Amino acid sequence: MTAYATTRNGFRLLPEYFDRVQQADLAAQVMGALQDAPLFTPSMPRTGKPLSVQMSNFGPLGWVADRSGYRYEARHPVTGTPWPAMPQALLELWEAVSGWPEPPQACLINVYGPQSRLGLHIDADEDAREAPVVSVSLGDRARFRLGGPQRSSPTRSLFLSSGDVVVLGGASRRFFHGVDRIYPGTSTLLSGPFSPGRINLTMRRVHTGGGAGTTRS
DNA sequence: TAGTCGCC
DNA sequence: ACAC
């Protein structure tokens with residue numbers, strides 16, 4: 001069996017979890033979903049400053065950000081329609097690596113251009129804070145930064161490549177993290193408007209209980 | 001503070 | 001480190 005590196009904080013990097021064919025299939029499913037749930041530009045609460053990353057979602061709930069704040073919504077902020085279904089391959093990934101008995105309720109699609117960044121933050125908009133966060137990298141390499149429970153905690157950086165899977169479990173679930181930069185032209189997976197660029201798929205459990213996750217409280 | 005800028 |  002393959003031994004993947006696990007920190008004592010519950011952070012796991014699974015390099016090249018998906019092979020090239022699986023990556024291409026995932027990318028194709030993202031392209032298809034974006035036809036129904038087009039990318040939107042999230043913005044900061046209060047200031048309304050746009051983020052440099054564009055987003056959409058799979059699943060019963062989707063993460064959105066605007067002047068009103070960060071939250072999960074069952075419908076696309078622009079089209080008003082429900083998010084596309086979560087791809088089976090992602091549900092299987094969650095089942096294989098999350099160790100969580102219930103399925104993910106949200107999968108955020110983050111699309112990075114060559115200039116996109118994501119500042120240090122903690123995923124804090126979920127009730128289910130004990131459930132791990134599982135993410136997949138597609139396309140160009142990125143420098144990922146992982147800190148600690150406080151903004152002032154020391155950080156370390158690591159490279160994420162296409163097909164890599166990251167699990168933020170245990171204590172690391174509540175650690176600051178972000179994306180410092182994208183390295184354009186370091187992958188040939190994506191094409192068209194997403195090349196150069198990177199797509200990250202991030203699955204989360206939003207509410208505790210609820211089994212299939214389709215019930216709204 | 002899911003931001004930007006600028007310096008070493 | 002800033003200013004929001």
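Values in this document were obtained by computation on a predicted structure and should not be read as measured data. Chain identifiers are assigned alphabetically (A, B, ...) following the order of the sequence lines, protein sequences preceding nucleic acid strands; residue numbering begins at 1 within each chain.
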Inset, instruction - Inspect the contact between A:Asp123 and A:Arg204 and indicate whether a charged nitrogen and a carboxylate oxygen are less than 4.0 angstrom apart. - result: yes
Inset, instruction - Calculate the interatomic distance between A:Gln115 atom CD and B:dT4 atom P; express it in whole Å. - result: 11 Å
Inset, instruction - Starting at atom NE2 of A:His177, determine the distance to atom P of B:dT1, rounded to an integer number of angstrom. - result: 15 Å
Legend entry - Distance, P atom - from B:dC8 to B:dT4, rounded to whole angstrom: 23 Å
Inset, instruction - Sort out the partner of C:dA3 for me: Watson-Crick or G-U wobble, both distances under 3.5 Å, none otherwise. - result: none
Legend entry - d(CZ, A:Arg145; P, B:dT1) in whole Å: 19 Å
Legend entry - A:His121 NE2 to B:dT4 P, straight-line distance once rounded to whole Å: 14 Å
Inset, instruction - Give one of base, sugar-phosphate or nothing for A:Leu118, where a contact means two heavy atoms less than 4.0 Å apart. - result: base
Legend entry - Integer-rounded Å distance: C:dA1 P and A:Arg151 CZ: 14 Å
Inset, instruction - Indicate yes or no: at least one non-hydrogen side-chain atom of A:Val166 is less than 4.5 angstrom from one of A:Leu14. - result: no
Legend entry - The single option from A:Gln23, A:Glu16, A:Arg20 passing side-chain hydrogen bond (donor to acceptor under 3.5 Å, both in side chains) against A:Ser162: A:Gln23
Legend entry - Between C1' of B:dT4 and CG of A:Asp180, the distance in whole Å: 14 Å
Legend entry - Sub-4.5 Å side-chain heavy-atom contact between A:Ile109 and A:Phe58: yes
Inset, instruction - For A:Met44 and B:dG3, give me the distance from atom CE to atom P, rounded to whole Å. - result: 6 Å
Inset, instruction - Using a 4.0 Å heavy-atom cut-off across all strands, classify A:Arg117 as base, sugar-phosphate, or nothing. - result: sugar-phosphate
Legend entry - Opposite nucleotide pairing with B:dG6, Watson-Crick or G-U, both atom distances under 3.5 Å: none
Inset, instruction - Give one of base, sugar-phosphate or nothing for A:Arg204, where a contact means two heavy atoms less than 4.0 Å apart. - result: base
Legend entry - A:Lys49 NZ - C:dC2 C1' separation (whole Å): 10 Å
Legend entry - Residue pair A:Pro77 / A:Asp66, side-chain heavy-atom distance below 4.5 Å: no
